[in-house]
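Okay, structure first, notes after.
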Amino acid sequence: MQYKPGKILIDGEMISRKVSEMAAEVARCYFGREFIAVGILKGAIFFLADLVRCLPLESRVKIDFMAVSSYGASTKSSGIVKIVKDLDTDIKGKHVLLVEDILDTGLTLSYLQTLLLGREPASLRTCVLLDKPDRRRIEVAVDFKGFSIPDEFVVGYGLDYSGYWRNLPDIHAADPSVESEEKTLLEE
Ligand code: IMP
Ligand code: MG
């Protein structure tokens, strides 16, 4: 099944207000301490970019990325997390902030938290922009959370369906495409 962007759930202005509130909390938490913000590619790119740019001048933050895949071209989590790109940084003894676009079943973040804790960081915290609490399959500790949303597949602001729609500035509910019906109508 194909999905297209449907109605806007959270517009760009709401996102930027929330992201700057979250950045203020993050800055308070790491006051006087250096930390590494680890973005989970590709969904977290815009969130991470906006979040770190809202931090105050005196913040000592480095950024790094991990790429994982678990979804393929489906809207259901396979539960299998594959590390496609690992960190460039050795995080042992460092303060680490995991930055993720969305917490859904929790399988991805739970896997990553366990993996990174095994590398003995000084601390590990987690920051997510969106949370779909109804879909949780495993409990995950989250320190900074943006919006809770209903159990709907969403696209935009980094979130994709099959690689598309990440570029949209707003977050949309994804609608099943009516492509084949449209085609039939055009052919008639
Ligand atoms: P989890 O392992 O089920 O928590 O899934 C987390 C990952 O699934 C996220 O990093 C997203 O890449 C993807 N995901 C979950 N829900 C959505 C959605 O509504 N739209 C787009 N991607 C999603
Ligand atoms: Mg993701």
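Predicted, not measured: the structure shown is a model, and the values here were computed from it. When a ligand or atom number is given, it counts from 1 through the structure's own listing order.
If you take CG on D90 and CD1 on I36, they are separated by 8.5 Å, rounding to the nearest 0.5 Å. Of the inter-residue distances, the one linking I171 atom CD1 with D11 atom CG reads 9.5 Å to the nearest 0.5 angstrom. Taking CG of L48 as the start and CD of E100 as the end, the distance is 11.0 Å to the nearest 0.5 Å.
Residue-to-ligand polar distances place G106 within reach of ligand 1: an N/O pair is separated by less than 3.5 Å. Close N/O approach between V154 and ligand 1 is found [any backbone or side-chain N/O within under 3.5 Å].
At least one heavy atom of K132 sits less than 4.0 Å from an atom of ligand 1. Using 4.0 Å as the threshold, L109 has no heavy atom nearer than that to any atom of ligand 1.
Cation-pi check for R125 over F35 is not met; the charged atom does not lie both under 6.0 angstrom from the ring centroid and within 45 degrees of its normal.
Every residue two or more places apart in sequence or in another chain that forms a side-chain contact (heavy atoms from CB on, under 4.5 Å) with R119 is listed here: D86, L87, I91, L115, L116.
Residue D101 holds the heavy atom nearest to atom 12 (O) of ligand 1 of all those in L107, D160, L130, D101.
Close approach of ligand 1 to T105 is summarised as follows: ligand atoms under 4.0 Å from at least one heavy atom of the residue are 1 (P), 2 (O), 3 (O), 4 (O). If you number the atoms of ligand 1 from 1 as listed, the ones under 4.0 Å from a heavy atom of E100 come out as 9 (C), 10 (O). Heavy-atom proximity to L159, at under 4.0 Å, picks out these atoms of ligand 1: 20 (N), 21 (C), 22 (N). Set against the non-hydrogen atoms of D104, the atoms of ligand 1 under 4.0 Å away are 1 (P), 3 (O), 4 (O), 5 (O), 15 (C), 16 (N). Counting atoms of ligand 1 from 1 in the listed order, those under 4.0 Å from a heavy atom of T108 are 1 (P), 2 (O), 5 (O), 6 (C).
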Would K145 and D131 satisfy salt bridge (charged side-chain N to carboxylate O under 4.0 Å, His left out), going step by step from the backbone distance to the final call?
-> CA-CA 7 Å; K145 193 172 352 190; D131 178 21; 2.9 Å; yes
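Between R135 and D104, at least one side-chain nitrogen of the basic residue sits less than 4.0 Å from a carboxylate oxygen of the acidic one, meeting the salt-bridge criterion. For D101 and K42, the salt-bridge test fails: no basic side-chain N is under 4.0 Å from an acidic carboxylate O.
Contacts between V155 and ligand 1, counted as non-hydrogen atom pairs separated by less than 4.0 Å, are absent for every part of the residue.
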